[in-house]
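Here is the structure we will look at, set down as structure tokens.
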Number of protein chains: 2
Amino acid sequence: MDLSAQLTAVASPQRMRIIAELAHEPLHVSELARRVGMSRALLYMHTKKLEEAGFISSELLLSDEGKAMRQLRVEDFHLIVNQETIRQAVETFQALDNEEGAS
Amino acid sequence: MDLSAQLTAVASPQRMRIIAELAHEPLHVSELARRVGMSRALLYMHTKKLEEAGFISSELLLSDEGKAMRQLRVEDFHLIVNQETIRQAVETFQALDNEEGAS
DNA sequence: CCCATGTGTAAGTTTATACTAACAGATGGA
DNA sequence: TCCATCTGTTAGTATAAACTTACACATGGG
């Protein structure tokens, strides 16, 4: 997962809101949807991006009533964005472009 | 300029490429367009976003031949993205939402 | 005068992202 | 059985971002 994709995933205010909410405590999908005020379908798209970028993780649990629930939690992460890290990221995806073009 | 807007501005691979190029040396618009391989019109949109977010700055100069040229250069910046900075950013734009709603 | 270089910008198209509505299935309790 | 809760997913729409094309204008040199 390159820096650009990670930043794209985290740049959205809605997804920041999700991270902030989960940083307070892990929650299952429906409860999170209520707290941030969005549909599960939409939340699903956002959490999918966050999970692919490594910001959150999910685990299937059984609640006390025996119902399956997906619990979401925040992963530890620490991104630094400056000239140096950007230069490195650009070198990385230029290398990837060369591989594709060389076939 | 909030964190979300800054991250949105810098998350694009094309804009990262522009920053990396300008980090090497300041350039005028047409020269930068040639190096990154895009039209001036498109470059204008990208540099506008980068300038609004504070990543680059521009200055109108006169070249040796007396032609007006806009020189672009990278500003110093250092963004940190973790649970703490995201939590702060979310508080900030929730406060803004309240101001709007209170009118 | 015309051409090459530089500047900015408006208008339209295309593509990606965000979002809504609707479906299908499971469990436990009244 | 029916209702409330939970899960996942598809298909369509609406909005935003990215990109192209084309214009207008300035300077210096052949």
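Note that the structure is a prediction, hence the values are computed from the model and not measured. All values below come from the heavy atoms of this structure, side chains included, with hydrogens, waters and symmetry mates left out. Below, chains carry the letters A, B, ... as their sequence lines are ordered, and counting in each starts from 1.
Projected onto DNA chain D by closest heavy-atom contact, A:Lys67 and A:Leu60 fall at different nucleotides, the more 5' of which corresponds to A:Lys67.
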* To do: Just do the side-chain contact (heavy atoms from CB on, under 4.5 Å) check on A:Arg40 and A:Val29 with the steps written out, would you?
  => CA-CA 7 Å; A:Arg40 281 183 312 110; A:Val29 179; 4.3 Å; yes
* Asked: Taking it one step at a time, do B:Phe77 and B:Gln6 satisfy side-chain contact (heavy atoms from CB on, under 4.5 Å)?
  -> CA-CA 11 Å; B:Phe77 59 90; B:Gln6 286 186 302; over 6 Å; no
* Asked: So A:Val36 and A:His46, side-chain contact (heavy atoms from CB on, under 4.5 Å) or not? Walk me through it.
  -> CA-CA 12 Å; A:Val36 301; A:His46 285 306; over 6 Å; no
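Here A:Arg34 pairs with A:Glu31 in a salt bridge; the nearest charged N to carboxylate O distance falls below 4.0 Å. Between A:Glu84 and A:Arg87, at least one side-chain nitrogen of the basic residue sits less than 4.0 Å from a carboxylate oxygen of the acidic one, meeting the salt-bridge criterion.
At least one donor-acceptor pair closer than 3.5 Å links the side chain of A:Thr85 to the backbone N or O of A:Ile80. Checked by atom type and distance alone, the side chain of A:Arg15 pairs as donor or acceptor with a backbone atom of A:Ala9 at under 3.5 Å. Under the 3.5 Å distance criterion, the side-chain polar atoms of A:Ser4 are left unmatched by any main-chain donor or acceptor of B:Ser12.
The hydrophobic cluster containing B:Leu79 also contains B:Ile56, counting ILVMFWY residues as joined when their side-chain heavy atoms lie under 4.5 angstrom apart, directly or transitively.
The side-chain heavy atoms of B:Val90 and A:Ile19, taken from C-beta on, include no pair separated by under 4.5 Å.
Of the residues in residues 3-32 of chain A, those with a non-hydrogen atom less than 4.0 angstrom from any atom of DNA chain C are A:Gln14, A:Arg15. Proximity of residues 33-51 of chain A to DNA chain D (heavy atom under 4.0 angstrom from any strand atom) is restricted to A:Arg34, A:Arg40, A:Ala41, A:Tyr44.
Note that the first and last nucleotides of DNA chain D, 5' to 3', having any atom under 4.0 angstrom from a heavy atom of chain B are D:dA17 to D:dG28.
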